[in-house]
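Values reported hereafter were calculated over all heavy atoms of this structure, with side chains retained and with hydrogens, waters and symmetry mates removed.
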Amino acid sequence: MFHFENNYGLFVGALTTNEFHKHYALQLSVSTHSNMRMTRKGASQTYADSFYITSNTLHQLISPEPQLTILINPLSPLGHQFYLNYKTLKVTSLESSLKKELVHILHRLQTKKITFDTFCLHIKNRMYQYQCDCEDQYHPKDDRIRNTLLLFEENFEKIYSLEEIAELSNLSTSRFLHLFKDVTGLNFRRYQLWNKMIKSLPYLITHSITDTAHTFGFTDSSHYTRTFKETFGVTPKFMFQKE
């Protein structure tokens with residue numbers, strides 16, 4: 001089961017197959033069981049009922065029981081609050097209070113005390129409460145980058161090319177890419193790819209992989225599937241089997 005908001009997307013289901021992957025988003029994963037298995041390249045396996053994973057961390061998560069994963073835009077106010085709380089930690093357990101609340105909401109869904117729509121509303125309310133209110137003090141201070149992020153947020157459905165964004169910022173494409181990485185610490189092309197992928201998911205639910213790939217600017221279905229797997233660790237077909 002899936003749900004998407006502008007700054008995050010969530011997935012509920014078991015993860016019985018999941019390859020090593022990394023993604024632009026921050027990841028929260030919780031389960032009502034303590035048998036989720038986290039593996040990082042070169043590190044020992046860890047079993048727990050919750051994980052926080054920061055951006056671009058190569059990992060593999062297996063959960064034989066249904067779990068909740070939330071993928072969050074790290075440049076959003078919500079993502080910034082997690083950055084403030086976890087700083088440079090790559091993988092760790094979620095703070096106790098937030099974990100308990102998310103597990104409680106997940107348990108109510110699993111025991112059919114709430115519908116999936118109500119579940120998504122509870123998660124949305126909790127994420128809204130969690131996001132930071134320190135935008136003016138801590139978020140990107142460069143007006144050109146700040147305006148770019150606002151443009152993407154306020155025009156979520158539109159797909160911008162690098163050339164369009166650079167021109168709107170009165171910068172060359174190379175200068176814009178350098179400035180974006182310097183200010184945010186993140187690669188703009190990965191940010192742009194993440195946006196395209198997130199926007200494509202609701203469309204993918206009712207369309208073929210080929211249609212989705214062409215509609216959202218991927219070369220073909222193979223390109224889309226490869227990017228999907230790099231981003232989420234599973235294929236689009238796996239996701240739809242769960243749906």
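Applying the salt bridge (charged side-chain N to carboxylate O under 4.0 Å, His left out) test to pairs two or more places apart or on separate chains, none has a residue in residues 60-75. Every pair passing salt bridge (charged side-chain N to carboxylate O under 4.0 Å, His left out) that includes a residue from residues 85-104 is listed here, sequence neighbours excluded: Asp49-Lys99, Glu101-Arg126. Among residue pairs with one or both ends in residues 33-43, none qualify as salt bridge (charged side-chain N to carboxylate O under 4.0 Å, His left out); sequence neighbours excluded. Residues in residues 6-34 take part in these salt bridge (charged side-chain N to carboxylate O under 4.0 Å, His left out) pairs, two or more places apart or across chains: Glu19-Lys229.
When atom types are taken as modelled, the side chain of Ser34 and the backbone of Ala48 share no donor-acceptor pair closer than 3.5 angstrom. For the pair Thr57 (side chain) and Thr54 (backbone), a donor-acceptor distance under 3.5 Å is present. Within the 3.5 Å criterion, the main-chain N or O of His223 finds a donor-acceptor partner in the side chain of Thr227. With hydrogens and angles disregarded, a donor-acceptor distance shorter than 3.5 Å links the side chain of Ser50 to the backbone of Leu94.
By the ring-ring contact (aromatic ring centres under 6.0 Å, His included) test, His59 is found to be paired with His21, His23, residues two or more places apart in sequence or in another chain being considered. By the side chain to side chain donor-acceptor pair (under 3.5 Å) test, Thr173 pairs with no residue at all, sequence neighbours left out. Every residue two or more places apart in sequence or in another chain that forms a side chain to side chain donor-acceptor pair (under 3.5 Å) with Thr69 is listed here: Ser29, Gln67. Partners of His3 by ring-ring contact (aromatic ring centres under 6.0 Å, His included), not counting sequence neighbours: none found. A search for ring-ring contact (aromatic ring centres under 6.0 Å, His included) contacts involving Phe119 returns Phe116, not counting sequence neighbours.
Leu58 belongs to a hydrophobic cluster whose remaining members, ordered by chain and number, are Phe20; membership requires side-chain heavy atoms of ILVMFWY residues under 4.5 Å apart, directly or through intermediates. Residue Ile62 belongs to no hydrophobic cluster, having no ILVMFWY side-chain heavy atom closer than 4.5 Å to its own.
Relative to the ring axis of Phe218, Lys196 places its NZ or CZ within 45° and under 6.0 Å from the centre.
Between Pro202 and Phe4 the shortest heavy-atom distance is CG-CD1, 3.6 Å. The two residues Leu89 and Tyr52 have their closest heavy-atom pair at O-CE2, 3.9 Å. What you find for Ile114 and Ile105 is that their closest heavy atoms are CD1-O, 3.9 Å. Looking at every heavy atom in both residues, Val91 comes nearest to Phe51 through CG1-CD2, 4.0 Å. Contact record, Leu106 with Pro66: CD2-O, 4.3 Å, taken as the closest heavy-atom pair. Closest of all the heavy-atom pairs between Pro64 and Ala14 is O-CB, 3.7 Å.
Relative orientation of the Phe188 and Tyr191 rings is tilted, given thresholds of 30° and 60° on the angle between their planes. Taking the six-membered ring where the residue is Trp, Phe82 and Tyr86 present parallel rings, their angle staying beneath 30° rather than reaching 60°.
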(request) Verify side-chain contact (heavy atoms from CB on, under 4.5 Å) between Leu78 and Tyr128, making sure each step is shown before the conclusion. (result) CA-CA 7 Å; Leu78 177 60; Tyr128 180 79; over 6 Å; no
| request: Evaluate the side-chain contact (heavy atoms from CB on, under 4.5 Å) criterion for residues Thr32 and Val103: first the C-alpha distance (whole Å), next the side-chain angles of each, then the deciding distance (0.1 Å), finally the verdict. | output: CA-CA 6 Å; Thr32 54; Val103 168; 4.0 Å; yes
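Side-chain contact, Asn85 with Tyr130: a donor N or O sits under 3.5 Å from an acceptor N or O. Tyr203 and Asp211 are not linked by any side-chain donor-acceptor pair at a separation below 3.5 angstrom, with hydrogens and angles left out of the test. Side-chain atoms of Thr115 and Thr118 form a donor-acceptor pair, as typed in the model, at a separation below 3.5 Å.
In this structure, Thr148 and Tyr160 have side chains that are not in contact, with every pair of non-hydrogen atoms separated by 4.5 Å or more. Residues Tyr224 and Leu204 form a side-chain contact, since some pair of their non-hydrogen atoms from C-beta on lies under 4.5 Å apart. Counting heavy atoms from C-beta on, the side chains of Leu61 and Gln27 come closer than 4.5 Å. For the pair Tyr24/Asn73, a side-chain contact is recorded, criterion being any heavy-atom separation below 4.5 Å from C-beta on. Contact annotation: the side chain of Tyr8 approaches that of Met127 to within less than 4.5 Å [non-hydrogen atoms, C-beta and beyond]. Looking at Ile72 and Gln81, their side chains never come closer than 4.5 Å, going by heavy atoms from C-beta outward. Here the side chains of Phe228 and Thr212 are not in contact, with every heavy-atom distance at 4.5 Å or above.
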Which donor-acceptor pairs under 3.5 Å do side chains of residues 164-171 form with protein atoms, sequence neighbours excluded?
{"residue": "Glu164", "atom": "OE1", "partner": "Ser161", "partner atom": "N", "Å": "2.9"}
{"residue": "Glu164", "atom": "OE1", "partner": "Ser161", "partner atom": "OG", "Å": "3.4"}
{"residue": "Ser169", "atom": "OG", "partner": "Ile165", "partner atom": "O", "Å": "2.9"}

